[in-house]
Protein chains: 2
Amino acid sequence: MSKANDQTTGPTARPTAAARGREVRRKLLATAAVLISEAGWNAVTTRTLAERAGVRSGLVHYHFESLPALLRQAALDAMRPALDEAVSVFTAAPTPADGAEALLAALDRYTGRDPESLLFTEAYLAATRDEMLRARLAEMTGRFRARLAAGAERAGHRDPEAAATALMAVLDGFLLHKALDPGLSAARITPLVRGLMTDPSKGEPP
Amino acid sequence: MSKANDQTTGPTARPTAAARGREVRRKLLATAAVLISEAGWNAVTTRTLAERAGVRSGLVHYHFESLPALLRQAALDAMRPALDEAVSVFTAAPTPADGAEALLAALDRYTGRDPESLLFTEAYLAATRDEMLRARLAEMTGRFRARLAAGAERAGHRDPEAAATALMAVLDGFLLHKALDPGLSAARITPLVRGLMTDPSKGEPP
DNA sequence: AGGTAGCTTGGACGAGTGTCCAAGGCGAAT
DNA sequence: ATTCGCCTTGGACACTCGTCCAAGCTACCT
């Protein structure tokens, strides 16, 4: 008897139908994330999406309930690992200030170069007008904020949650401003951003 | 002989054709700014715009070259006075830190309440994909940044331009985050934002 | 062998889109 | 009274949009 996953065929054999379907879903989601950043949330159409993904347009509504549902999932799927990596970068640093500096540096490298640079901003704006997206997105960013706050608290910050909120605001704000003016330097604002995570009540002069 | 602006007619008389035209332009621009914030830049259509403005749809392309051109002008016209007022608020404060606090407080009052709350964010994103808008917008925000930097410099900040950049990033970032989560408190991050405009090299302990 | 289930195709459908324009209206100037 | 110039109207135009589906395909199961 042969199991469903038997791959005893040749090296370049045709994948099973289910596997091809999975690949179509993956490509559509990945391409949608890029297009959202490139053209804007409301400018992603089924036809351009299918074309860029190398997929026939009829497949979009076979694999997904609707275009808005696809965009929601694409944005969330692309943001989750990005936020996870941000958490890693932050928690790997010895102090919250170093963590903030590392996050800013990572963001600086990311902006402009990455085809999904503006995905976060687009998703925030879209969430403003989409109840379901707002709930799922708020949960993800809430977890991120909690991680930042935990780091700030461990370092003895007076108001850790405020520090986390402020840090997230600078990061997303800087991302947006730098997209508009690539001349902006993350290095220049680094000392100021470090200051955000350093409790003002416990200054440490040289 | 009668001058063009003779308004010797009754109290509720029909205005001159030119005046009505000016009013149509004004209404379209004002309504467009609201709709951009409400529905998103790419979701503003000629027909919904005309309807919300109380104007026949055929007038849109009589008074404006194209819908994109109208949106550009609407955004810039609405942002200019807002930025001017922000400059006033900032420069009226005795110190840059007080100015930053005042700006944040004003932003906090503005967010959510105002129907144009998200206009700035939408305009930034649109400028990313529209060369002409980017140039005009960069000029306006550049002037604003220069005013903030001048204030920081007068107070002896080590890197005034960086301070201005960081302050603008927090403001726009906080605006966006608060639109998503109205529970965010501007008051909580105020001391941290004040710190941005206070040169870290010259701490002033009580 | 035939049957089944899932993926794929290409196009149809109606509702929307930005843009344009012939025709009409009306106050101001002559 | 007539002309002039600008504003206004309502709809036509040629798209593009999201969604849907009948028909075909092919790997797998019995």
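In what follows, chains carry the letters A, B, and so on, assigned in the order in which the sequence lines appear, proteins first and then strands, with residues in each chain numbered from 1. The structure presented is a predicted model; accordingly, all values stated were derived computationally and were not measured.
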Scan the side chains in residues 26-35 of chain B for donor-acceptor partners under 3.5 Å anywhere in the protein, sequence neighbours excluded, and list what turns up.
residue, atom, partner, partner atom, Å
B:Arg26, NE, B:Glu23, OE1, 3.2
B:Arg26, NH2, B:Glu23, OE2, 2.8
B:Thr31, OG1, B:Lys27, O, 2.7

ask   = Taking DNA chain D as the partner, which of residues 25-34 of chain B come within under 4.0 angstrom of it by heavy atom?
value =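 The answer is none.
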
task = Pull out every residue in residues 48-79 of chain A that has a heavy atom closer than 4.0 Å to any atom of DNA chain D, ordered by number, or say none.
result =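 Within residues 48-79 of chain A, the residues near DNA chain D are A:His61, A:Ser66, A:Leu67.
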
query = Between A:Asp130 and A:Arg72, which heavy-atom pair has the shortest distance, and what is it?
reply =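 Taking every non-hydrogen atom into account, OD2-NH1, 2.6 Å.
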
key: A:Asp108 to A:Arg113 - nearest heavy-atom pair and separation   =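 For A:Asp108 versus A:Arg113, the nearest heavy atoms are O-NH2, 4.3 Å.
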
Atom pairs and distances, donor-acceptor, side-chain atoms in residues 114-128 of chain B, under 3.5 Å, two or more places apart:
residue, atom, partner, partner atom, Å
B:Asp114, OD1, B:Glu116, N, 2.6
B:Ser117, OG, B:Gly112, N, 3.0
B:Ser117, OG, B:Asp114, O, 2.8
B:Glu122, OE1, B:Trp41, N, 3.2
B:Glu122, OE2, A:Arg129, NH1, 2.9
B:Glu122, OE2, A:Arg129, NH2, 2.7
B:Tyr124, OH, A:His177, NE2, 3.4
B:Tyr124, OH, B:Asp172, OD2, 3.1
B:Thr128, OG1, B:Tyr124, O, 3.4

ask   = Hey, what bend do you get for the helix from C:dA1-D:dT30 to C:dG27-D:dC4 if you fit axes on five pairs at each end, rounded to 10°?
value =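 The helix from C:dA1-D:dT30 to C:dG27-D:dC4 shows an end-to-end axis angle of 10°.
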
Identify, with sequence neighbours excluded, every residue that meets side-chain hydrogen bond (donor to acceptor under 3.5 Å, both in side chains) alongside [X].
{"X": "B:Arg47", "answer": "none"}
{"X": "A:Asp181", "answer": "none"}
{"X": "A:Arg143", "answer": "A:Glu139"}
{"X": "B:Ser88", "answer": "none"}

request  = Just grab all the salt bridge (charged side-chain N to carboxylate O under 4.0 Å, His left out) pairs involving residues 75-90 of chain A, residues at least two apart or on different chains.
outcome  =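 For residues 75-90 of chain A, and leaving out neighbouring residues, the salt bridge (charged side-chain N to carboxylate O under 4.0 Å, His left out) pairs sorted by first residue read A:Asp77-A:Arg80.
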
Any protein N or O atoms within reach of nucleotides 14-16 of chain D? Criterion: under 3.5 Å, listing atom names and distances.
none

Enumerate, atom names and distances included, each donor-acceptor pair closer than 3.5 Å involving a side-chain atom of residues 58-66 of chain B, sequence neighbours excluded.
residue, atom, partner, partner atom, Å
B:His63, ND1, B:Arg25, NH1, 3.0
B:Ser66, OG, B:Ala69, N, 3.3

query = Just wondering, more than 12 heavy atoms not from B:Arg136 lying within 6.0 Å of its CZ?
reply =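 Incorrect, the count does not exceed 12.
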
